[in-house]
> 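Right, I'll just put the structure down here and ask away after.
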Amino acid sequence: MAAAQDAMALAQSGCGGEAVALLETATDGDALALLGLWRLEGRLCPRDPVAARECLRRAAELGNAGAARICTGFVATGTGGAADWRAAVALLGDWADRDPLAARQRDLIAAMVLTADGAPVATFEGEEVSSAPEIVRFADLFSIDECRFLIDVSRTRFKPAQIFHEGKGRFVKDPVRRSDSAGFPLTAEWPLVHALNRRIAAASGTHVRQGEPLQLLRYRPGERYSPHLDAVPGMTNQRRLTALVWLNEDYDGGETRFLETGLALRGQTGDAIVFRNALYDGRPDPTSRHEGCPVTRGEKLMASRWIRERPAGDGAAFGPEDAA
């Protein structure tokens with residue numbers, strides 16, 4: 001722990017090179033975990049996912065539970081090395097007696113019907129609820145237990161909704177969304193989260209790597225998502241689709257309303273919709289303009305994933321790693 005704390009102090013004082021050098025000579029799990037995150041993030045040293053995965057693997061072997069959580073996700077997703085679904089599930093089993101999160105993931109995954117590489121066996125037939133915009137509804141895409149898992153692991157992760165400002169290179173307050181959010185970026189795409197992302201991909205007819213990180217959104221009374229388009233004008237790899245999954249239903253208000261048609265949707269726990277944001281030439285579809293109506297009672301919880309036209313290049317993930 002001392003080496004990691006000293007390295008953080010050096011980094012905060014502007015001595016990034018010295019901080020990295022200190023971690024490279026350390027042999028404890030905390031130092032190796034921090035070095036792995038820095039190598040993944042690529043701020044204080046060159047970005048190197050392969051070296052990051054190896055640091056995290058070694059940290060996990062030394063008993064660092066945080067590194068083990070990240071490493072199981074890397075093995076599942078193929079970050080920094082080959083994807084090996086069976087090995088990722090086996091790692092969850094290895095940690096199940098030490099980490100309740102690993103045990104819970106193992107049990108939920110055991111209840112799924114998957115191929116040997118972790119893909120869903122089932123095909124997903126949705127119900128078209130609108131042609132303009134194109135909206136397809138899927139009943140029970142997530143199980144109640146899967147929804148509860150996402151809610152429970154997000155309770156300590158929620159923070160006021162933000163967006164990443166490309167020009168400023170940092171997160172800023174979301175100007176149109178009044179809610180809290182919890183993201184599951186590359187460092188938190190654990191095997192269970194990855195399995196759910198693959199289910200969304202299967203339902204939407206896309207590749208899992210086309211999706212941005214899964215987000216959890218929490219709206220309390222009076223909070224809303226003002227009218228907006230999810231597609232971004234001029235984006236070279238457009239947000240073609242949005243997937244929304246209702247994680248609970250004990251609240252009032254909060255419908256997802258499409259302004260062009262007035263269609264207001266609300267699902268039961270585990271239900272999902274997938275809707276098209278962009279026209280086939282890549283321009284935002286004006287009929288997809290929508291809002292999250294104000295919640296009037298209780299707490300609305302949803303999972304959201306934006307899906308791009310193409311996977312991220314060079315095996316990278318979309319969005320900042322948010323490793324720090």
Side-chain angles (χ1 to χ4, degrees), residues 72-80 82-86 88-89 105 108-109 111-129 133-143 145-147 149-150 153 182-217 230-232 235 237-247 256 267 270-278 280 282 285 288 302-319 321:
T72 58
F74 282 11
V75 174
T77 61
T79 300
D84 189 333
W85 178 253
R86 287 180 173 173
V89 175
Q105 289 186 76
L108 286 169
I109 289 170
M112 299 179 182
V113 182
L114 304 173
T115 64
D117 69 350
V121 170
T123 57
F124 300 93
E125 298 294 333
E127 172 196 4
E128 183 180 85
V129 295
E134 297 177 19
I135 307 173
V136 179
R137 183 170 186 155
F138 298 88
D140 302 317
L141 187 66
F142 289 4
S143 73
D145 288 340
E146 291 162 355
C147 293
F149 172 88
L150 291 176
V153 298
F184 292 86
L186 196 56
T187 51
E189 193 170 341
W190 309 310
L192 190 281
V193 174
H194 183 61
L196 296 178
N197 282 339
R198 292 187 72 166
R199 198 179 305 161
I200 290 172
S204 60
T206 60
H207 191 281
V208 67
R209 290 192 180 275
Q210 288 176 242
E212 296 186 32
L214 188 74
Q215 292 187 77
L216 226 71
L217 307 174
D230 287 346
V232 180
M235 181 177 276
N237 190 1
Q238 186 60 270
R239 286 174 172 166
R240 175 159 60 100
L241 302 170
T242 294
L244 296 175
V245 184
W246 283 272
L247 301 181
T256 298
D271 291 350
I273 56 171
V274 176
F275 58 91
R276 175 173 283 276
N277 302 312
Y280 286 90
D285 181 353
S288 71
M302 298 197 76
S304 170
R305 196 168 204 224
W306 287 313
I307 301 170
R308 301 287 190 103
E309 187 67 33
R310 301 179 303 281
D314 300 324
F318 286 114
E321 251 58 69

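Numbering of residues begins at 1 and proceeds along the displayed sequence. These numbers were taken from a predicted model, which means no experiment stands behind them.
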> Can you tell if the side chain of Gln238 reaches within under 4.5 Å of the side chain of Val232, non-hydrogen atoms only?
yes
> With distance as the sole test, does Arg239 use its side chain to make a donor-acceptor pair with the main-chain N or O of Asn277 at under 3.5 Å?
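Side chain of Arg239 to backbone of Asn277, a donor-acceptor pair under 3.5 Å: no, none is there.
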> Which atoms form the tightest heavy-atom contact between Leu150 and Leu216, and what is the distance?
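Scanning both residues, the minimum pair turns out to be O-CD2, 3.3 Å.
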> Any sub-3.5 Å donor-acceptor pair from Glu309's side-chain atoms to Asn237's backbone N or O?
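No, Glu309 side chain to Asn237 backbone: no donor-acceptor pair under 3.5 Å.
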> Which atom pair, heavy atoms only, marks the closest approach of Pro191 to Ala88?
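Closest approach of Pro191 to Ala88, heavy atoms only: CG-CB, 4.2 Å.
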> Step by step, work out the side chain to side chain contact (heavy atoms under 4.5 Å, CB included) result for Leu244 and Phe275.
CA-CA 9 Å; Leu244 296 175; Phe275 58 91; 3.9 Å; yes
> Could you report the tightest heavy-atom contact between Gly267 and Trp246, atom names first, then the distance?
N-CE2, 3.1 Å
> If you round to the nearest 0.5 Å, how far is CZ of Phe149 from CD of Gln105?
4.5 Å
> At their closest point, which heavy atom of His207 faces which heavy atom of Ala201, and how far apart are they?
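Scanning both residues completely, I find the closest heavy atoms to be C-CB, 3.9 Å.
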> As an exercise, state the distance from CZ of Arg199 to CE of Met112, rounded to the nearest 0.5 Å.
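Here the rounded value is 4.5 Å.
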> When rounded to the nearest 0.5 angstrom, what is the spacing between CZ in Arg198 and CH2 in Trp85?
7.5 Å
> Should Ile200 and Phe142 be marked as a side chain to side chain contact (heavy atoms under 4.5 Å, CB included) after you check the CA-CA gap, both sets of side-chain angles, and the distance that decides it?
CA-CA 9 Å; Ile200 290 172; Phe142 289 4; 3.9 Å; yes
> Under 3.5 Å, is there a donor-acceptor pair between the side chain of Arg305 and the main chain of Gly211?
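Yes, because the side chain of Arg305 sits within donor-acceptor range (under 3.5 Å) of the backbone of Gly211.
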> How many angstroms lie between CE in Met302 and OG1 in Thr256, if you round to the nearest 0.5 Å?
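The CE atom of Met302 sits 4.5 Å away from the OG1 atom of Thr256.
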> Taking C-beta and beyond as the side chain, do Asp271 and Asp140 meet within less than 4.5 Å on heavy atoms?
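Yes, their side chains come closer than 4.5 Å.
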> Atom CZ in Arg209, atom OG1 in Thr77: separation rounded to 0.5 Å?
6.0 Å
> What's the shortest heavy-atom distance between Ala116 and Arg86, and which atoms?
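The pair with the smallest heavy-atom distance is CB-NH2, 3.5 Å.
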> Quick check: do His194 and Val75 have side-chain heavy atoms less than 4.5 Å from each other?
no
> So among Thr79, Leu196, Asn197, Thr72, which one has a side chain to side chain contact (heavy atoms under 4.5 Å, CB included) with Glu189?
Asn197
> Kindly determine whether Ser143 and Asp145 satisfy side-chain hydrogen bond (donor to acceptor under 3.5 Å, both in side chains), including the steps that lead there.
CA-CA 5 Å; Ser143 73; Asp145 288 340; 5.4 Å; no
> Let me confirm one number: the CD-CG distance from Glu134 to Leu241, rounded to the nearest 0.5 Å.
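Between Glu134 CD and Leu241 CG, I get 8.5 Å after rounding to 0.5 Å.
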> Return the minimal non-hydrogen interatomic distance between Arg276 and Asp285, and the atom names on each side.
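Nearest pair, atom of Arg276 first, then Asp285: O-OD2, 4.4 Å.
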> Check the pair Phe184 / Leu192 against side chain to side chain contact (heavy atoms under 4.5 Å, CB included), numbers first and verdict last.
CA-CA 11 Å; Phe184 292 86; Leu192 190 281; over 6 Å; no
